[in-house]
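Structure, as C-alpha cells:
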Amino acid sequence: MVALDIVVNVIWRRCDRLQNPRFEFIPPSFYVELLRNYTRFYSMADKGEFAFYSVLKSEFTHRPQWFTQVDYVYSSVLIKKKHWVGLVLHLKMWAIYIVDANPACPSELDVNSYVNPISHMLPYLMAKYCITTVPREMNFDPLTISRLKLPLLLEHPGFSGVASLLLLEMSAAGEPLNAISFSEAEVRVTAENYAIVAMSTLLHYS
C-alpha cells in the first residue's frame with residue numbers, strides 16, 4: 001500500500017501541471033483511514049454530528065476541492081488483503097464505480113462488504129469538508145455502487161494493484177472504461193515504471 005501511495009503522490013505532481021483537469025487521485029490509505037471510523041459511525045444515532053478522524057481532513061484542505069474543482073475522484077482499494085480494485089467516485093452522478101481487471105476475483109460479496117461502508121460515510125464526510133450542499137440535497141443517501149464489466153481479464157494476482165491504477169489513469173486521460181484493454185506484458189512494463197518512480201521519489205526525500 002505504501003508503494004501505491006507514493007505513486008499517487010507522483011500522479012498528483014503530474015495532475016497539478018494540467019489546466020483544470022476536473023479529476024483527483026487519492027491514495028489508498030485514505031479509504032483505509034475512512035473505514036477505521038465505521039464502527040463508531042455505525043453506532044452513532046445522529047450521524048450528522050459524527051467526528052471523523054482528523055487525518056482525513058488533509059485531502060480536502062490541501063488538494064483541489066471536490067465538487068467545485070473536481071468531478072471524478074480515483075483511487076485503488078485492497079479487498080481481503082490480497083486483490084486491488086479501482087474506485088471511481090462520480091460526484092455529479094452520486095455514484096461509485098468499481099473497475100477491476102479480474103472481475104471473477106474478488107467476489108461481489110467481498111467487494112460490496114468493503115465499499116458499502118464507504119458509500120454510507122462519504123456523504124457525511126463531504127458535507128463536513130467540501131464546499132457543497134449536495135450531500136444535504138441528497139438527504140445523505142449513500143452513493144450508488146456499480147461494478148463495471150470491462151473487456152479484459154488479467155489473472156496474475158501480483159499485478160492487481162498496478163492494473164487498478166493503470167485503469168484509473170487511462171480513464172482520467174479520457175479513455176472510455178468499457179473500451180479499455182491491455183495485456184499482461186503492458187501491465188508488467190507499467191509496474192516497472194511505477195517501481196522506478198517510487199524508488200526515485202524515496203531517494204529524493206531520504
Side-chain angles (χ1 to χ4, degrees), residues 1-12 15 23-42 52-53 55-60 63 66 70-91 93-126 129-130 142-150 152-172 177 180 182 187 190-191 194-195 198:
M1 184 174 300
V2 173
L4 264 64
D5 274 14
I6 293 172
V7 173
V8 169
N9 273 269
V10 174
I11 294 173
W12 277 348
C15 292
F23 62 79
E24 170 73 327
F25 279 78
I26 57 177
S29 57
F30 174 85
Y31 284 123
V32 172
E33 294 295 336
L34 178 60
L35 287 169
R36 288 176 179 162
N37 291 263
Y38 188 62
T39 300
R40 292 186 303 113
F41 176 85
Y42 181 79
F52 290 93
Y53 292 140
V55 69
L56 295 167
K57 185 178 180 180
S58 62
E59 169 58 34
F60 303 96
R63 297 295 305 158
W66 296 11
V70 171
D71 298 322
Y72 296 90
V73 182
Y74 298 101
S75 186
S76 296
V77 296
L78 184 61
I79 308 293
K80 303 289 283 188
K81 299 183 179 180
K82 60 184 179 181
H83 190 89
W84 292 91
V85 301
L87 294 190
V88 181
L89 178 58
H90 191 329
L91 298 174
M93 295 298 292
W94 203 244
I96 297 174
Y97 301 125
I98 301 164
V99 295
D100 188 4
N102 184 1
C105 179
S107 68
E108 292 288 338
L109 178 62
D110 288 340
V111 172
N112 286 333
S113 65
Y114 190 96
V115 180
N116 268 325
I118 292 173
S119 74
H120 281 79
M121 287 189 289
L122 276 176
Y124 294 92
L125 184 69
M126 292 187 291
Y129 293 129
C130 296
L143 286 79
T144 60
I145 301 170
S146 302
R147 192 173 187 180
L148 304 184
K149 294 183 178 180
L150 306 183
L152 76 161
L153 177 62
L154 182 70
E155 296 181 296
H156 195 305
F159 287 146
S160 66
V162 175
S164 68
L165 266 182
L166 182 56
L167 280 167
L168 297 176
E169 283 207 89
M170 293 175 75
S171 174
L177 280 167
I180 290 176
F182 45 72
V187 175
T190 302
Y194 282 163

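Just so it is clear, the values below take in all heavy atoms, side chains as well, and ignore hydrogens, waters and symmetry mates.
In this structure the side chain of Glu169 reaches within 4.5 angstrom of the side chain of Phe25, judged on heavy atoms. Contact of the Glu24 side chain with the Tyr72 side chain is not registered, since no non-hydrogen atoms from C-beta on lie closer than 4.5 Å. In this structure, the side chains of Ile180 and Leu150 stay at 4.5 Å or more apart for every pair of heavy atoms. At a threshold of 4.5 Å between non-hydrogen side-chain atoms, the residues Leu87 and Ile118 count as touching.
Side chain of Ser75 to main chain of Ile26: a donor-acceptor pair is present (N/O by atom type, distance under 3.5 Å, no hydrogens or angles). With hydrogens and angles disregarded, no donor-acceptor distance shorter than 3.5 Å links the side chain of Ser171 to the backbone of Leu168. Side-chain atoms of Asn37 come within 3.5 Å of backbone atoms of Leu34 as a donor-acceptor pair (strictly under, hydrogens ignored). Remark: the backbone N or O of Leu109 is paired with a side-chain donor or acceptor of Ser113 at under 3.5 angstrom.
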| message | Pair Val111, Asp100 - check side-chain contact (heavy atoms from CB on, under 4.5 Å), show working. | response | CA-CA 11 Å; Val111 172; Asp100 188 4; 5.8 Å; no

| message | Could you walk me through whether Leu35 and Tyr114 satisfy the side-chain contact (heavy atoms from CB on, under 4.5 Å) test, starting with their C-alpha distance in whole Å, then the side-chain angles of each, then the deciding distance to 0.1 Å, before giving a yes or no? | response | CA-CA 9 Å; Leu35 287 169; Tyr114 190 96; 3.3 Å; yes

| said: One pair to check against side-chain contact (heavy atoms from CB on, under 4.5 Å): Met126 and Leu122. What are the steps and the verdict? | reply: CA-CA 6 Å; Met126 292 187 291; Leu122 276 176; 4.2 Å; yes

| query | Given Tyr129 and Glu59, is the side-chain contact (heavy atoms from CB on, under 4.5 Å) satisfied, shown in steps? | reply | CA-CA 9 Å; Tyr129 293 129; Glu59 169 58 34; over 6 Å; no

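Heavy-atom minimum distance, Asp5 versus Pro28: OD1-CD, 2.8 Å. Across Ser164 and Gly86, no two heavy atoms sit closer than the pair CB-N, 3.8 Å. Here the shortest heavy-atom pairing between Val77 and Tyr31 reads CG1-CD1, 3.5 Å. Here the closest heavy-atom approach between residue Trp12 and residue Pro27 is recorded as CZ2-CD, 3.7 Å. Nearest heavy-atom pair across Ser76 and Gly161 is OG-O, 4.4 Å.
Between Tyr124 and Phe41, the ring center distance clears the sub-6.0 Å criterion. Ring centers of Trp66 and Phe60: under 6.0 Å apart, within the cut-off.
In this structure, the separation between OG1 on Thr144 and CE on Met93 is 7.5 Å, given to the nearest 0.5 Å. Separating the CG atom in Leu148 from the CG atom in Leu177 is a distance of 6.0 Å, to the nearest 0.5 Å. Atoms CG and CZ, from Asn102 and Phe159 in turn, are 13.5 Å apart once rounded to the nearest 0.5 Å. In this structure, the separation between CG on Leu78 and OG on Ser160 is 7.0 Å, given to the nearest 0.5 Å. Expressed to the nearest 0.5 Å, how far OH of Tyr97 lies from CG of Leu143 amounts to 10.0 Å. The line from OH of Tyr74 to CG of Leu167 is 11.0 Å long, rounded to the nearest 0.5 Å.
Within a 6.0 Å radius of OH in Tyr38, more than 12 heavy atoms belonging to other residues, nucleotides or ligands are found.
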